[in-house]
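Read through the structure below, which is laid out as structure tokens, and then see the notes.
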Number of protein chains: 2
Amino acid sequence: MNATGKEAGAEFSKRLNTVGFRFTPQRQQVYDVLLQKRDHPTAEEVFFRAKKHMPDISHATVYNCLDALVECGLVRQVQLDRGAARFCPNMREHGHFYCDACGRVYDVNLPEKPRPEISLPKGFKAQRYEIAIHGICPECANKKRFNASTL
Amino acid sequence: MNATGKEAGAEFSKRLNTVGFRFTPQRQQVYDVLLQKRDHPTAEEVFFRAKKHMPDISHATVYNCLDALVECGLVRQVQLDRGAARFCPNMREHGHFYCDACGRVYDVNLPEKPRPEISLPKGFKAQRYEIAIHGICPECANKKRFNASTL
DNA sequence: CTAGGTGCAAAAGGTTTGCGGTTAA
DNA sequence: TTAACCGCAAACCTTTTGCACCTAG
């Protein structure tokens, strides 16, 4: 039911400590929110969900927690359009599909075979990749077809 | 000197028209700004540069023009962090390297051989890809080494 | 004990909107 | 001629900041 039993909690705490962060209930709560519904919520959305279990949590704290989780490698931040950043606890290598019609975000698997190494000019040190695919999701594609046929 | 002579201007106008946009001097100016210094400026930066040649141009118009250029396929919008969107008139297939230290953005070539097709679940229609590589650029890598050695 | 984290409220970006006047086609 | 576009200014949304209090280690 809940992804953070005592064992997982200790693991989580250790992970924070290794990067110099403290364990706090707020950080745990924010991480739980991300694990419980993996729909790439914005910071605002995380705030509302966390508030249900922890009514006094503040906006600023949610941003702080999200940044901490990103920094210690438990969460990815995804920036897909001019709007708010989104957050994703899936640390496996994967890309994101962004529906330009409805704004929903889907995880997409990348080819298992490692993609041809992108050769960076001398001196550039890559730390991580983000692959975003923009397009139309099945649901919106259907809606569109329907609308077009009834005009 | 200037990428938009009379011929290029006619070409530009035609491109706008095909997507249902009008030619306007402001759109030309904004496009010129992007062509003249390909350093992935933000809308704000485009605004300041355009203002030098067209003092009455407004903030809102710059956003309008940028959106129009993106919509008719002359410019790409790139979103690399929580900050402002950046704009890029290079429509060849390429990725972006974002330096986490200084925030500069570099174009990077992708492998000539088409990368293995990313297989999307049934029904998803991809329209465009964005590949962002986060890391440290050579200049910042050097600075870092220097600072570390003098602490 | 104390550096780091929290909550609050205000400020700071960045982008969008509404409106009266202007202009490309 | 007129729908599209412009400039202006205010509104809006997202994120950051400063500060007094609190707490994990």
Side-chain angles (χ1 to χ4, degrees), chain A residues 6 9-10 12-31 33 40-72 75 77-87 103, chain B residues 9-31 33 40-72 75 77-87 103:
Chain A
K6 287 185 191 89
F12 178 70
S13 179
K14 204 189 297 180
R15 183 60 159 274
L16 285 167
N17 292 338
T18 61
V19 196
F21 289 117
R22 285 188 189 165
F23 170 90
T24 73
Q26 288 86 349
R27 283 172 181 167
Q28 178 83 74
Q29 178 60 63
V30 164
Y31 190 43
V33 162
H40 307 84
T42 63
E44 179 93 354
E45 184 58 34
V46 171
F47 173 62
F48 285 130
R49 295 183 195 172
K51 225 175 157 63
K52 283 191 196 134
H53 304 93
M54 195 179 263
D56 285 347
I57 197 171
S58 75
H59 223 147
T61 295
V62 169
Y63 277 97
N64 167 347
C65 293
L66 288 169
D67 287 346
L69 294 173
V70 168
E71 226 170 298
C72 66
V75 166
Q77 176 180 337
V78 191
Q79 195 71 45
L80 290 157
D81 58 7
R82 279 184 199 159
R86 296 158 173 282
F87 297 87
Chain B
E11 194 62 32
F12 178 71
S13 179
K14 204 189 297 179
R15 183 62 159 274
L16 285 167
N17 292 338
T18 60
V19 195
F21 288 116
R22 285 189 188 164
F23 170 91
T24 73
Q26 288 85 349
R27 284 171 181 168
Q28 178 81 77
Q29 179 60 62
V30 164
Y31 190 43
V33 163
H40 308 84
T42 63
E44 177 94 355
E45 184 58 34
V46 172
F47 173 62
F48 284 130
R49 294 184 194 171
K51 224 173 157 64
K52 283 191 197 137
H53 304 93
M54 194 178 265
D56 286 347
I57 198 172
S58 76
H59 223 148
T61 296
V62 169
Y63 277 97
N64 167 348
C65 294
L66 288 169
D67 287 346
L69 295 173
V70 168
E71 226 172 298
C72 66
V75 166
Q77 177 179 335
V78 191
Q79 196 71 43
L80 290 158
D81 59 7
R82 279 185 198 157
R86 295 158 174 283
F87 297 87

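Proteins come first, then strands; the chains are lettered A, B, ... in the order of their sequence lines, and each starts at number 1.
Qualifying side chain to side chain contact (heavy atoms under 4.5 Å, CB included) partners for A/Val78, counting only residues two or more places apart in sequence or in other chains: A/Leu80, A/Cys88, A/His96. Every residue two or more places apart in sequence or in another chain that forms a side chain to side chain donor-acceptor pair (under 3.5 Å) with B/His59 is listed here: B/Glu44. By the side chain to side chain contact (heavy atoms under 4.5 Å, CB included) test, A/Pro55 pairs with no residue at all, sequence neighbours left out. In this structure A/Gln79 satisfies the side chain to side chain donor-acceptor pair (under 3.5 Å) test with no other residue, sequence neighbours excluded. Qualifying side chain to side chain donor-acceptor pair (under 3.5 Å) partners for A/Arg86, counting only residues two or more places apart in sequence or in other chains: none. Looking at residues two or more places apart in sequence or on another chain, you find a side chain to side chain donor-acceptor pair (under 3.5 Å) between B/Thr61 and B/Ser58. Under the side chain to side chain contact (heavy atoms under 4.5 Å, CB included) criterion, A/Ala50 pairs with A/Gln29, A/Val33, A/Ile57, sequence neighbours left out.
Atoms CD and NE2, on B/Gln28 and B/His53 in that order, are 12.5 Å from each other to the nearest 0.5 Å.
In this structure, B/Gln26 reaches the D/dG7 phosphate: one of its side-chain N or O atoms is under 4.0 Å from OP1 or OP2. Regarding contacts with the backbone of C/dG7, a side-chain N or O of A/Thr61 is found under 4.0 angstrom from either OP1 or OP2.
A donor-acceptor pair under 3.5 Å is formed between the side chain of B/Asn17 and the backbone N or O of B/Ser13.
Atoms CD (B/Gln28) and P (C/dA25) sit 12 Å apart, rounded to a whole Å. Here the P atom of nucleotide C/dT15 and the CD atom of B/Glu45 are 13 Å apart, to the nearest Å. Atom pair B/Lys14:NZ and C/dA25:C1' shows a separation of 16 Å (rounding to whole Å applied). Per the geometry, CG belonging to B/Leu66 stands 11 Å off P belonging to D/dC6, to the nearest Å. Atom C1' of nucleotide C/dC8 and atom CZ of A/Phe47 are separated by 11 Å, given to the nearest angstrom. Regarding B/Phe12, its CZ atom lies at a distance of 11 Å from the P atom of C/dA25, rounded to whole Å. The distance between atom CE of B/Met54 and atom C1' of D/dC5, rounded to the nearest whole Å, is 13 Å. Rounding to whole angstrom units, CD1 of residue B/Ile57 and P of C/dT22 are separated by 18 Å.
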Next item on the list: Mark up nucleotides 18-25 of chain D, 5' to 3', with B wherever a protein heavy atom is under 4.0 angstrom from a base atom, S wherever such an atom reaches only the sugar-phosphate, and - elsewhere.
Entry: -----BBS
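The side chain of B/Arg27 has D/dC5 as its nearest neighbour among D/dC5, C/dT6, D/dG7.
Applying the salt bridge (Lys or Arg N to Asp or Glu O under 4.0 Å) definition to pairs two or more places apart or across chains, none involves residues 14-29 of chain A. Residue pairs meeting the salt bridge (Lys or Arg N to Asp or Glu O under 4.0 Å) criterion with at least one member in residues 62-71 of chain B, sequence neighbours excluded: A/Arg82-B/Asp67.
The C1' atoms of five pairs define one axis at each end of the helix from C/dC1-D/dG25 to C/dA25-D/dT1, and these two axes lie 50° apart (to 10°).
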Restricting both atoms to N or O, compile the protein contacts to nucleotides 11-15 of chain D shorter than 3.5 Å, with distance only.
from	atom 1	to	atom 2	distance (Å)
D/dT15	OP1	A/Ala85	N	3.0
D/dT15	OP2	A/Tyr63	OH	2.4
D/dT15	O5'	A/Tyr63	OH	3.2

